[in-house]
Each structure stands twice: as structure tokens, then as C-alpha cells.
There are 2 protein chains.
Amino acid sequence: MSPKNSYKLTVCPMTYVLDILGDKWTFLIIRDMLFKGCCRYQQFADSDEGVATNILASRLKKLVQHGLVTQCKDPNNGRQKLYHLTDKGLDLIPSILHLVKWSGNHDPETCLPETIQAYLESNFDQAVEYVRKEYAQMCQGNHQAAATVE
Amino acid sequence: MSPKNSYKLTVCPMTYVLDILGDKWTFLIIRDMLFKGCCRYQQFADSDEGVATNILASRLKKLVQHGLVTQCKDPNNGRQKLYHLTDKGLDLIPSILHLVKWSGNHDPETCLPETIQAYLESNFDQAVEYVRKEYAQMCQGNHQAAATVE
DNA sequence: AATATTAACTTGCATTTTGCAAGCTTTAAA
DNA sequence: TTTAAAGCTTGCAAAATGCAAGTTAATATT
């Protein structure tokens, strides 16, 4: 296709993503899942930024409704629930890593280590794959104990 | 560096970007600049999504304060102002194109043409460069008439 | 030179969303 | 059988948003 067409992106393509992610907290929830391994309500609630519990509940609900996140019972502990990213949610990794990279480049007080910055700069696609795989392993871990018990 | 470290991204790197972009309208303003060539207040105000004028004013101000956008007088028309993306703002192109791509992949009612979707899928970096160059040309155009007149 | 018009905001006010604290419900441990 | 933990829900004050109307400064018109 001619590159000319690639410039004809207009209105629609962003309204969908912004209806879902167009606020601070939704993004932070997904980041906490990916990078901090959060998968329980209380873990999100204890996050550094301090989400209000009602906002947290409504955002998790929205993410589940839109298919970015699934909710299931923790097989190890019936009074806990586990939240995990679906493939749809995982497909946001590149966007999020680019935003992290941008912050690293432009935030005068960034706390992103230079090694990671350099890694994102030179091996972006590899970083995406790495995060994806680490997350998959982590999710397995969340269910493994139960399997061992049975 | 070891990939292990790349997983240690924690809290900070996203709070900066989300403090600036953590709302629907800011993103849409930048998108309108990049893809629809908007550079005047009224053009943003007339945008399909319908920003309230006070919100628009506050968001443009914020973008200028954070250095993503510059404001200058239109050399052709002294009662108009021109808003343009800085390098810092342009560095968001990859993030935005990934979000567009995500929308194209996951919005059941997407209006993103398949050709563009495919282009983003196979030539992402090229698409980023293309958008960047088109934008630079367009900005030149905004000032050119004045140069011709003088 | 005086008046009208255009573009970019600003302001006031009603509505909506957020944030905080407290309470409720279900599950499991003691 | 009571106690506690985890995941929410509810009520209310504070902040952000959206809409309509007004203000200001730079042209264009008469």
C-alpha cells in the first residue's frame, strides 16, 4: 500500500481505546498487573498511587466487561479472586512500553534506570516479548500451588 | 544488560506521562494535530468529539506548559494562533500508532482500513517515520504563505 | 475613524465524576 | 461458633466536566 493512505487515519481508531483507557487509573491497573505482578484486589488497592476502592472496583469491572481482563477464584484461597490480562489486554504491552520509554526520555526526574532505557531503545521488540513471557510464567505460578495440592 | 532487569520497571515511569496525558481529551488533541492537521483553536473545537471550550483551553495550556506543544502567532493572520507539536510531543507518535493499531485489532466496529492495519502490522517503524515527516511538511506549509507574501 | 466581525479564550453554573470513610457480604481460619 | 480477611458497595463532600454566555484583542468594513 502507498504510505499516503497511512496518513488518512481519522477519528474513529482512537475513540475505542480511549473510551476504555482514557483515564489515569485504568492504565495504572494494567501496568501493575504487567510489571508488579498484581492480580488481587488488595494488591491494586495497596499500590503506591492510592486508588480509591470504589474507583478500583469500577475500573476492574470495566476492564472485565471489555475483555481486557478476566476474573476467577483463586484455587488456593476461595475468598480471594484473581485478575489476569487476556490476550487483548496483553496486546497493550507495546503501547505501554512506549509510554514508559517516553517518560524515561522526557521526565526530568525519571527513575527509569539507564540500562533499561537503553534496552528499550535498542531492543524494543525483544522487551515486549520478554514482558509477555514473564507475565505468562507469573500467571502459571498463581495457579500452580493449587495443582500441587490436589 | 540482562532481560531480568527489564522486568523491574516499577511505579515512577508512568506517573509522569499519565499526569500529562491521563485523560481522553489531551490524547485526542495530539491525535488531531498529527493526523488531521489541526493547529488552530477553532479546528480543535470543531473536532468530531466535541471538546468543551474551557477544557480545550486548559488542555492546550497544559500541553504548552509541559513542552509538548508550542503556541505562536499565525504570521498570516495576527488574530489566529498556531499550535504545533515539539519534538517531545512528536515522540509520542509510536505510542499513539500502537494504540491506533490496538483499536484496529480489537474494536469490533473499527473504521481502520485493512490496508493501513496491515501496513502498521508489517512496517511499524516506517509508519512512524512517515507520520513524522508528513507532520513536518504540514507545519512548514502553515508558515509558507507568509514567507511568500513578504 | 467608527463599527462590525472573527478568533481565542474566560466565567458562571448545573451535572458528573472522584475521593474518602464506613459498612456489608462471603469465605475461611481459630 | 466466633473472628477475621478479602472484595466489594454506599453515602457524602470536593473536584472536574460540560454547556451557554460573555470578554478581549486583532482585523476587516463602512
field: salt bridge (charged side-chain N to carboxylate O under 4.0 Å, His left out) contacts in which one or both residues fall within residues 110-126 of chain B, not counting sequence neighbours
entry: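 Found B:Lys101-B:Glu121.
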Pairs flagged by salt bridge (charged side-chain N to carboxylate O under 4.0 Å, His left out) wherever residues 55-72 of chain B is involved - sequence neighbours left out: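 Checked against salt bridge (charged side-chain N to carboxylate O under 4.0 Å, His left out) - neighbours excluded - the pairs reaching residues 55-72 of chain B are B:Asp23-B:Arg59.
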field: side chain to side chain contact (heavy atoms under 4.5 Å, CB included) against B:Ala136, all qualifying residues, sequence neighbours excluded
entry: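 Side chain to side chain contact (heavy atoms under 4.5 Å, CB included) check on B:Ala136 returns nothing, list empty.
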Between [N] ([atom2]) and [X] ([atom1]): distance, integer Å:
{"X": "A:Leu28", "N": "C:dG19", "atom1": "CG", "atom2": "P", "value": "11 Å"}
{"X": "A:Gln42", "N": "C:dT26", "atom1": "CD", "atom2": "P", "value": "19 Å"}
{"X": "B:Asp74", "N": "C:dT6", "atom1": "CG", "atom2": "C1'", "value": "13 Å"}
{"X": "B:Phe44", "N": "C:dA8", "atom1": "CZ", "atom2": "C1'", "value": "13 Å"}
{"X": "A:Gln80", "N": "C:dA29", "atom1": "CD", "atom2": "P", "value": "11 Å"}
{"X": "B:Gln43", "N": "C:dA8", "atom1": "CD", "atom2": "C1'", "value": "13 Å"}

- prompt: If you measure from the Lys or Arg side-chain nitrogens to the Asp or Glu carboxylate oxygens, is any gap between B:Arg40 and B:Asp74 under 4.0 Å?
  reply: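 Here B:Arg40 pairs with B:Asp74 in a salt bridge, since their nearest N and O are under 4.0 Å apart.
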Along DNA chain C (nearest heavy atom to each residue), the more 5'-positioned of B:Arg40 and A:Arg79: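 Checking each residue's closest nucleotide, the 5'-ward one belongs to B:Arg40.
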- prompt: For DNA chain C, whose closest nucleotide is more 5', that of A:Ala52 or that of B:Gln71?
  reply: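 That would be B:Gln71.
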- request: State which residues pass ring-ring contact (aromatic ring centres under 6.0 Å, His included) with B:Tyr83; sequence neighbours excluded, sorted by chain then number.
  value: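 Scan of B:Tyr83 (ring-ring contact (aromatic ring centres under 6.0 Å, His included), adjacent residues dropped) gives none.
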- prompt: Of all residues at least two apart in sequence or in a different chain, which pass the ring-ring contact (aromatic ring centres under 6.0 Å, His included) check with B:His66?
  reply: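 So B:His66 forms no ring-ring contact (aromatic ring centres under 6.0 Å, His included) with any residue.
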task: Indicate whether any N or O donor in one side chain lies under 3.5 Å from an N or O acceptor in the other, for A:Tyr130 and A:Gln126.
output: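 No pair is found: no donor N or O on one side chain lies under 3.5 Å from an acceptor on the other.
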- prompt: Taking only N and O in the side chain of A:Trp25, is any of them less than 4.0 Å away from OP1 or OP2 of C:dG19?
  reply: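 The answer is yes; a side-chain N or O of A:Trp25 sits under 4.0 Å from OP1 or OP2.
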- request: For B:Asn105, check side-chain hydrogen bond (donor to acceptor under 3.5 Å, both in side chains) against everything at least two apart and list the hits.
  value: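 For B:Asn105, the residues satisfying side-chain hydrogen bond (donor to acceptor under 3.5 Å, both in side chains) (neighbours in sequence not counted) are B:Gln117.
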task: With a 4.0 Å heavy-atom cut-off, tell me which residues in residues 54-61 of chain B come close to DNA chain D, sorted by residue number.
output: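 Within residues 54-61 of chain B, the residues near DNA chain D are B:Asn54, B:Ile55, B:Arg59.
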- request: Can you run down the side-chain hydrogen bond (donor to acceptor under 3.5 Å, both in side chains) pairs that involve residues 84-97 of chain A, sequence neighbours left out, and say none if there aren't any?
  value: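 Every side-chain hydrogen bond (donor to acceptor under 3.5 Å, both in side chains) pair that includes a residue of residues 84-97 of chain A, provided the two are not neighbours, is A:Tyr16-A:Lys88, A:His84-A:Asn142, A:Asp91-A:Arg132, A:Asp91-B:His106.
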- prompt: From the 5' end of DNA chain D to its 3' end, which nucleotides mark the outer limits of contact with chain B, defined by a 4.0 Å heavy-atom distance cut-off (strictly under)?
  reply: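 First-to-last contact on DNA chain D, by the 4.0 Å heavy-atom rule, is D:dT17 to D:dT27.
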